[in-house]
Student: 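Can you read through this structure? Questions will come right after.
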Amino acid sequence: MAEDFKQPPGQYAIHRPRYHRELFQWLASISPSNRCAWDCATGAGQAAVGLAEFFDIVLATDINKEQIDHAEPHHKIQYSVSPAEQNDFKSQSIDLITVACGVHWFDRKQFFETAKRLLIPKGVIAVWTYKWPWTNSKEVDRVLAKLKDTILENYWPQESKLYFSGYADIDFPFEEIQVPPFTLECDWQVEDLIGFISTWSAVQRYLRVNGKSPIELVKADLIAAWKSSPPKLPLELPLYFRVGYSP
């Protein structure tokens with residue numbers, strides 16, 4: 001898994017979209033207190049920074065040191081390198097655990113046991129994902145579908161099935177909470193979309209195997225399709241959640 005996220009320094013931080021403030025405000029409202037949150041698999045800290053507005057301390061971990069090295073600094077965030085399933089945090093010390101687009105990579109049985117140990121009674125765990133990006137342009141979406149379903153067909157990791165199913169098939173051993181709808185809305189130019197897609201695991205795997213980016217196979221068609229649309233296209237990424245209380 002780590003090989004699929006070995007990218008040029010800072011690329012993930014630059015091109016992954018930010019989550020809306022309302023998501024973190026809601027998570028803070030359902031947490032038993034707002035003292036300490038743990039953002040696991042933090043990447044470049046996109047979710048950790050959002051949590052920092054509402055929590056006194058945010059512990060942010062990732063197994064990839066390069067991600068941590070390029071994470072956005074914040075006086076409330078304590079970044080460290082560690083696997084999701086093991087750390088030295090104190091038992092029953094955390095109010096909220098978040099995993100943004102990462103839990104499909106974990107040994108989930110072990111991670112969820114760790115989460116139960118760390119959460120205070122009725123603490124909250126929230127894991128979420130979003131699907132492949134689509135626009136409101138049929139021409140652009142046709143090119144994106146070719147990239148996803150044809151060119152990258154044999155390069156998606158096994159874990160991506162859980163990702164694209166919205167985590168519906170994950171065994172989630174917590175008292176589940178109903179989640180209001182949240183959507184990422186991006187007003188992007190074609191370069192922004194190309195940068196985002198370049199961070200995906202299947203794209204990195206294709207590049208590692210073949211020595212060239214699969215995006216180059218569709219880039220001309222994507223730019224041509226984009227020219228027939230406005231310079232910026234609205235792009236929606238609905239978020240899919242599993243959220244629950246600890247015992």
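Note that the structure is a prediction, hence the values are computed from the model and not measured. Quick note: numbers below take in every heavy atom, side chains included, and nothing from hydrogens, waters or symmetry partners.
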Student: Yes or no on side chain to side chain contact (heavy atoms under 4.5 Å, CB included) for I170 and V127, after CA distance, side-chain angles and deciding distance?
Tutor: CA-CA 11 Å; I170 285 178; V127 304; 5.6 Å; no

Student: Measure the acute angle between the ring planes of F196 and Y130, then classify it against the limits of 30° and 60° as parallel, tilted or perpendicular.
Tutor: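 It falls in the tilted class, 30° to 60°.
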
Student: Ignoring hydrogens, what is the shortest heavy-atom contact between L59 and C36? Give both atom names and the distance.
Tutor: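 Minimum heavy-atom separation between L59 and C36: CD1-SG, 3.9 Å.
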
Student: Is a donor on one side and an acceptor on the other found under 3.5 Å between the side chain of N210 and the backbone of L207?
Tutor: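 Side chain of N210 to backbone of L207: no pair is present.
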
Student: Quick one: do Y19 and L51 end up in the same hydrophobic cluster if we chain Ile, Leu, Val, Met, Phe, Trp and Tyr together by side-chain heavy atoms under 4.5 Å apart?
Tutor: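 Yes; tracing contacts between hydrophobic side chains, which count when under 4.5 Å, links both residues.
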
Student: Determine, using ring centers only, whether W200 and Y163 are less than 6.0 Å apart.
Tutor: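 That pair passes the under 6.0 Å test.
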
Student: Could you tell me if the ring centre of Y167 sits under 6.0 Å from that of F241?
Tutor: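 No.
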
Student: Please list, chain by chain and in numerical order, all residues satisfying side-chain contact (heavy atoms from CB on, under 4.5 Å) with K65, sequence neighbours excluded.
Tutor: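 So K65 forms a side-chain contact (heavy atoms from CB on, under 4.5 Å) with D69, V81.
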
Student: Check side-chain contact (heavy atoms from CB on, under 4.5 Å) between D149 and all other residues, then give those that pass, not counting sequence neighbours.
Tutor: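 So D149 forms a side-chain contact (heavy atoms from CB on, under 4.5 Å) with A145.
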
Student: If hydrophobic clusters are built from ILVMFWY residues whose side chains come within less than 4.5 Å, do F24 and L96 share one?
Tutor: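 In one cluster: yes.
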
Student: With sequence neighbours excluded, tell me which residues meet salt bridge (charged side-chain N to carboxylate O under 4.0 Å, His left out) with R21.
Tutor: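 Here the qualifying residues are E53.
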
Student: Evaluate the side chain to side chain contact (heavy atoms under 4.5 Å, CB included) criterion for residues T199 and V203: first the C-alpha distance (whole Å), next the side-chain angles of each, then the deciding distance (0.1 Å), finally the verdict.
Tutor: CA-CA 7 Å; T199 67; V203 172; over 6 Å; no

Student: Which pairs, with at least one residue in residues 213-222 and sequence neighbours excluded, count as a side-chain hydrogen bond (donor to acceptor under 3.5 Å, both in side chains)?
Tutor: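 Sorted pair list comes back empty.
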
Student: Got a sec, which pairs hit ring pair (Phe, Tyr, Trp, His ring centres under 6.0 Å) with one end in residues 39-59, sequence neighbours left out?
Tutor: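 Every pair satisfying ring pair (Phe, Tyr, Trp, His ring centres under 6.0 Å) with a residue in residues 39-59: there are none.
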
Student: Assess the side chains of W38 and T61: does a donor N or O sit below 3.5 Å from an acceptor N or O?
Tutor: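 Indeed, the side chains of W38 and T61 share at least one donor-acceptor pair under 3.5 Å.
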
Student: State which residue, out of T42, I77, D39, V58, fulfils the side-chain contact (heavy atoms from CB on, under 4.5 Å) condition with V49.
Tutor: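 The side-chain contact (heavy atoms from CB on, under 4.5 Å) with V49 is passed solely by I77 among T42, I77, D39, V58.
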
Student: What heavy-atom pair brings I30 and V124 nearest, and what distance separates the two atoms?
Tutor: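 Looking at all heavy atoms of both residues, the shortest contact is O-CG2, 3.4 Å.
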
Student: Quick one: which residue pairs count as a side-chain hydrogen bond (donor to acceptor under 3.5 Å, both in side chains) with a foot in residues 24-33, not counting sequence neighbours?
Tutor: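 Qualifying pairs: S33-D95.
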
Student: Give every residue pair that meets the side-chain hydrogen bond (donor to acceptor under 3.5 Å, both in side chains) criterion with at least one member in residues 71-85, sequence neighbours excluded.
Tutor: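 The answer is R18-E72.
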
Student: For a quick test of reading the model, state the closest non-hydrogen atom pair linking A71 to G43 and the distance between them.
Tutor: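 For A71 and G43, the tightest heavy-atom pair comes out as CB-O, 4.3 Å.
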
Student: Among all residues two or more places apart in sequence or in another chain, which pass the side-chain contact (heavy atoms from CB on, under 4.5 Å) test with S93?
Tutor: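 Result, side-chain contact (heavy atoms from CB on, under 4.5 Å) vs S93: R35, K90.
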
Student: R117: what forms a side-chain hydrogen bond (donor to acceptor under 3.5 Å, both in side chains) with it, not counting sequence neighbours?
Tutor: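 R117: side-chain hydrogen bond (donor to acceptor under 3.5 Å, both in side chains) contacts with S91.
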
Student: Checking the side chain of S137 only, and the main-chain atoms of V140 only, is there a donor and an acceptor separated by less than 3.5 Å?
Tutor: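 Answer holds: yes.
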
Student: If I take atom CG from residue D141 and atom OG1 from residue T135, how far apart are they, to the nearest 0.5 angstrom?
Tutor: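 Reported to 0.5 Å precision, the distance equals 3.5 Å.
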
Student: Tell me whether K116 at atom NZ has more than 12 heavy atoms from other residues, nucleotides or ligands lying less than 6.0 Å away.
Tutor: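 Above 12, so yes.
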
Student: Minimum heavy-atom separation for A41 to V99, with atom names?
Tutor: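 Closest heavy-atom pair between A41 and V99: CB-CG1, 4.5 Å.
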
Student: Might you work through the side chain to side chain contact (heavy atoms under 4.5 Å, CB included) test for F106 and F112, ending with a clear yes or no?
Tutor: CA-CA 10 Å; F106 298 175; F112 288 144; over 6 Å; no

Student: List the atom pairs, donor and acceptor, that lie under 3.5 Å between side-chain atoms in residues 174-185 and the rest of the protein, sequence neighbours left out.
Tutor:
from	atom 1	to	atom 2	distance (Å)
E175	OE1	K122	NZ	2.8
E176	OE1	R242	NE	3.3
E176	OE2	R242	NE	3.1
E176	OE2	R242	NH2	2.6

Student: Going by the side-chain contact (heavy atoms from CB on, under 4.5 Å) test, name the single residue among I125, L118, I120 that passes it with I94.
Tutor: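 The side-chain contact (heavy atoms from CB on, under 4.5 Å) with I94 is passed solely by L118 among I125, L118, I120.
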
Student: Which atom pair, heavy atoms only, marks the closest approach of T129 to C101?
Tutor: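 So the two residues come closest at CA-SG, 3.8 Å.
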
Student: Please identify each residue that fulfils salt bridge (charged side-chain N to carboxylate O under 4.0 Å, His left out) with K148, with sequence neighbours left out.
Tutor: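 Applying salt bridge (charged side-chain N to carboxylate O under 4.0 Å, His left out) to K148 gives none.
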
Student: Are any of the side-chain nitrogens in R142 or E139 under 4.0 Å away from the carboxylate oxygens of its partner?
Tutor: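 Not counted as a salt bridge, because no side-chain N and carboxylate O are separated by less than 4.0 Å.
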
Student: Taking side-chain contact (heavy atoms from CB on, under 4.5 Å) as the definition, give me every residue that meets it alongside D169, ordered by chain and number, with sequence neighbours left out.
Tutor: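 Partners of D169 by the side-chain contact (heavy atoms from CB on, under 4.5 Å) criterion, ordered by chain and then number, come out as L162, S165.
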
Student: Out of curiosity, L27 CG to I97 CD1, how far, rounded to the nearest 0.5 Å?
Tutor: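 One gets 12.5 Å once the value is rounded to the nearest 0.5 Å.
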
Student: Of all the heavy-atom pairs spanning P214 and I151, show the shortest one and how long it is.
Tutor: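 Minimum heavy-atom contact is CB-CG2, 3.8 Å.
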
